[in-house]
Amino acid sequence: MTGITAIGIHLPRLRLSRAGMAAAMDWLSPRSDARGARTLAFWDEDGITMGVAAARACLAHAPEATRGEIRALSFATTTPVFAEPQNASLVHAALRLPAESIAQDSGGTLRCGLIALHMALEGTGPTLVVAADSPVSPAGSIAESRFGDGAAAVLVGGGPALLAYRGGASLTAPFIERYRAADRALATDWEERWVREEGFLSLVPRAIADALAGAGLVPQDIQHFVLPSVIPGCAKAVAQAAGLSKARLAENLDIECGDTGAAHALVMLARAMEQMQPGERVLVAQFGQGATALILEATDALAGFDPGVAAALAGGIAEANYLKLPIFRGLLAWERGLRGRLPVNEALTTAYRNAEALLGFVGGRSPQTGHVQFPASHIAVAESGFHAQAQEPWPLADRGGTVATATADRLAFSRSPPNCYGLVDIAGGGRLMMDFTDPEAARLAPGDKVHFVFRIKDLDERTGYRRYFWKAVAAAAPIAAAQEKGA
Amino acid sequence: MATGIKDRVAILSMGCSRFGERWDVGQEELMAEAYLEALGGSGIDPSMIEAAWYSSHYDDIGAGKAGLPMAQALRLPAIGVTRVENFCAGGTEAFRGAVYAVASGAVDIALAVGVEKLKDTGFAGLPPASRGTFAPMYLPTHTNPGNFSQLARAYGAHHGVSRDDLKRAMAHTSMKSHFNAVKNKNAHLRKAITIEQAVNAPLVADPLGLYDCCPVSDGAACAIVTTPEIARSLGKSAPVLVKAIQLVASNGWEVQQSDWNGAYVHTARIAARRAYAEAGITDPRSQLSFAELHDCFSITEIVTLEDIGLSDEGTAWKRMRDGAFDVDGEMPCQVDGGLKCFGHPVGASGLRMLYECWLQLTGQAGERQLGAPSLALTHNLGGAPAQNVCSITIVGAA
């Protein structure tokens, strides 16, 4: 039977405190509960980069050969970076998945991640499901404080399952509790009581009942229940309505990170997997224009598996400045100085010609000197001598490196000054002048170990174009540490 | 077998505009200022100039591409004008073109002009240089303070110099140049500063503060070169001769392999070695009278002193603090204020340095005249420590 063979998540390190949000916005929309924090994607993180980070964490748990066997990639988000091109193609390229594979974007509902997983579990062949989201809501809204940014990735098939698939059901209904027209930036939400009573409590139990019946199971056979909802108490009420009150209610992580939208059912599943024992079953459900319910059973392989959620939660950096949210998300015009006006040259021809280098972070290795370099070139770099043999492709993304020189530049344009960069010596050879990122990038100094992350390189607000490349982050960051452990 | 450029070409005359925030003029007027001064002292008629080289780095905020802006600003007599661009070594590159033309025997008299109009950007610091389409897709959005702060950090780490000690050495470097520029009527910044002011200035890219960075300036400089024989025939009984010109461009080794430690400039060491050989110099510390170094940042001057053999490795920061490179020290540097205070119009700077050398070597430097110097060196560093174009020129008496 097929199932989930690996899972990984990514949570941005910034944790915007709800107290900070309240301090900024309470004059407009006072609320009684300002506990905890929500994740806030850094300026250079979006659904594509978070999805890549989660997928790398996921694939780090799978044998290296598995990457080459993946034949399908599904990328789910309600907040796609691009209406065109296909976002999945960029995730695919960053992961260096085989060209001989099918990739697709899905979205439209917060349930899209679980729908993609349902389809993968019902399909054949190794499939990578990546869900990432960055829900954007009006300033001061409850949704703004309850949703967060994050991503999760699940590998289906391609090896021994951690969670075997026992059955699932999806149903569709035109229940519209939240909408956003294609040309609008912000979603509008309807009254919570209606959503809970007429939506969640009516539709989710039906999907659960269908899934249980299809699997030949009864509610008492389920030990863990995953259901994201930003409505307080909603998941517990659904569990009772579906006869699952004995099942352990999975943590919704509202205090730690907020609801990560399309990714959140999978983030919560990963969290639940940290507590599951072999033989236990989990029912994962999500709501949105209907509902999906999937039943998965832990195998012996789950013992000793670390989904990395605890490490990701522990890696947060407290942030109290609410204004970083609207500025990072492009919702507020801000003074960037005349240096910040310089255009981003698209040169799509150059980008495609060098796609393997730029998206896959693949350098070259000279067969004559053995030296690694980025980017690869016809004639190898060397202090002296002439070495013109064709170079072999040399993937760099997972190697990490050591900072050789560093700066924190207050003159250069940056969306989060100072702009930090320097020379990085890559493990196994090669050196590159790279951007450093993450909120603590200015701390990086020569000798520090770094890992590489896929991030937004530049974005052009005039055209909406953005391009991506790899940057260095401190290896001490728990998320990166989890990746190294798996690699 | 090539014999080098030594003693084959003479500087007939030079000129230099006032540097600074020249809101009053554009590139054309700046070029004319420098050119008219050079022409006035040359003893030739413009019709005698047979070829010209034009250095300007930024065409988008300047006068445009090709040789036309210079041919038209100076109304040159329908001759070839070659535009060159080699980052901050561009001015020297223009000079090299003119010198090589004369040395080849193809022409008798050639002109080199460098100009930059930087204050039309609307922001501080140099604008980013274009890097084609591919490099910006992976290289950081950098600035020169950011690039050279890496040199400072690496130098401090490699030689075990504390941040505080290095800050004070860098502050002395800038204080010295400010002091020198007070006597230079063409300089951009003509105000003395204290070491404390420099140490306590706002940070631009740690450890570089505001006074560790040269200003960006508008300005132009000009040289007219010919053969030593023609120079003498025009009344220059003791013309300044070109002793060496060497230029080295990084091939990517420093920035793509891990052998370079970031604490020195690889190209400068090579260019210096070749220049000394070309000029027949065996002991630069005793043979050179003074030097005009590319002090785009205070740390650049300190590191360069070591790279070109004017100070032992790891010692320049200390000797700087001891006054060795002050105007009354053993090797005066930046007598005219340097990039730090004379200013740095990118395409003109190489020629501006030669202008000071020419003034000093011909006894025309006025109140900042250094006795009777005989041999001087100029150095340019274009780009970043990890990837650059470096030039070294040596000029002197016959």
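The basis for the numbers below is simple: all heavy atoms, side chains too, and nothing from hydrogens, waters or symmetry mates. Order of the sequence lines sets the chain letters (A, B, ...), proteins ahead of strands, with each chain counted from 1.
When all heavy atoms of A382(A) and N251(B) are compared, the closest pair comes out as O-ND2, 2.9 Å. Of all heavy-atom pairs between D435(A) and P140(B), the closest is OD1-CB, 3.2 Å. When all heavy atoms are compared, the tightest approach of S258(B) to G430(A) is OG-O, 3.6 Å. Here the shortest heavy-atom pairing between T350(A) and M137(B) reads CB-CE, 3.9 Å. The two residues V381(A) and Q257(B) come nearest to each other via the heavy atoms O-NE2, 2.7 Å.
Interface residue A351(A): backbone and side-chain heavy atoms are both found under 4.5 Å from chain B. Both the backbone and the side chain of N147(B) come within contact range of chain A, judged by heavy atoms closer than 4.5 Å. With a 4.5 Å cut-off on non-hydrogen atoms, V372(A) touches chain B through its backbone but not through its side chain. Heavy atoms of A386(B) lying under 4.5 Å from chain A belong exclusively to its side chain. For I270(B), no part sits under 4.5 Å from any heavy atom of chain A, backbone or side chain. For Q387(B), no part lies near chain A; criterion is any non-hydrogen pair under 4.5 Å. In this structure, chain A has a heavy atom under 4.5 Å from the backbone of T121(B), while its side chain stays farther away. With a 4.5 angstrom heavy-atom cutoff, D206(B) touches chain A only via backbone atoms.
Top candidate by heavy-atom pairs under 4.5 Å with chain B, chosen from Q373(A), K471(A), R341(A), M433(A), is M433(A). Counting heavy-atom pairs under 4.5 Å between each of D458(A), N345(A), L358(A), T402(A) and chain B puts L358(A) at the top. Between chain B and the options P418(A), A442(A), P375(A), heavy-atom pairs under 4.5 Å are most frequent for P375(A). In terms of heavy-atom pairs under 4.5 angstrom with chain B, the leader among E346(A), R353(A), M434(A) is M434(A). Counting heavy-atom pairs under 4.5 Å between each of V424(A), D425(A), N354(A) and chain B puts N354(A) at the top. Between chain A and the options L139(B), L208(B), D259(B), L151(B), the largest number of non-hydrogen pairs under 4.5 Å is found for L139(B).
Although no hydrogens or angles enter the test, the distance criterion places no donor-acceptor pair under 3.5 Å between the side chain of R339(A) and the main chain of F123(B). The backbone N or O of A406(A) lies less than 3.5 Å from a partner atom in the side chain of R153(B), making a donor-acceptor pair. The main-chain N or O of T141(B) is found under 3.5 Å from a side-chain atom of N419(A) such that the two form a donor-acceptor pair. Using modelled atom types, one side-chain atom of R431(A) and one backbone atom of W260(B) make a donor-acceptor pair closer than 3.5 Å.
Rounded to the nearest 0.5 Å, atoms CG (L348(A)) and OG1 (T133(B)) are 10.5 Å apart. Here Q256(B) contributes atom CD and L423(A) contributes atom CG; the two are 10.5 Å apart, rounded to the nearest 0.5 Å.
In the model, D409(A) has a side-chain atom that pairs as donor or acceptor with a side-chain atom of T143(B) under 3.5 Å.
Scanning for salt bridge (charged side-chain N to carboxylate O under 4.0 Å, His left out) contacts around E383(A) gives an empty result, with sequence neighbours left out.
At most 12 non-hydrogen atoms from other residues, nucleotides or ligands lie less than 6.0 angstrom from CZ of R443(A). The number of heavy atoms from other shown groups lying within 6.0 Å of CD (E356(A)) does not exceed 12. Heavy-atom contacts from other residues, nucleotides or ligands closer than 6.0 Å to NZ of K119(B) number more than 12.
The shortest side-chain heavy-atom distance between R410(A) and S149(B) does not fall under the 4.5 Å cut-off.
Using bins of under 30°, 30° to 60° and over 60° for the plane-to-plane angle, the ring pair Y138(B)/F374(A) lands in the perpendicular bin.
Within residues 197-204 of chain B, the residues having any heavy atom less than 4.5 Å from a heavy atom of chain A are, in residue-number order, L203(B), V204(B).
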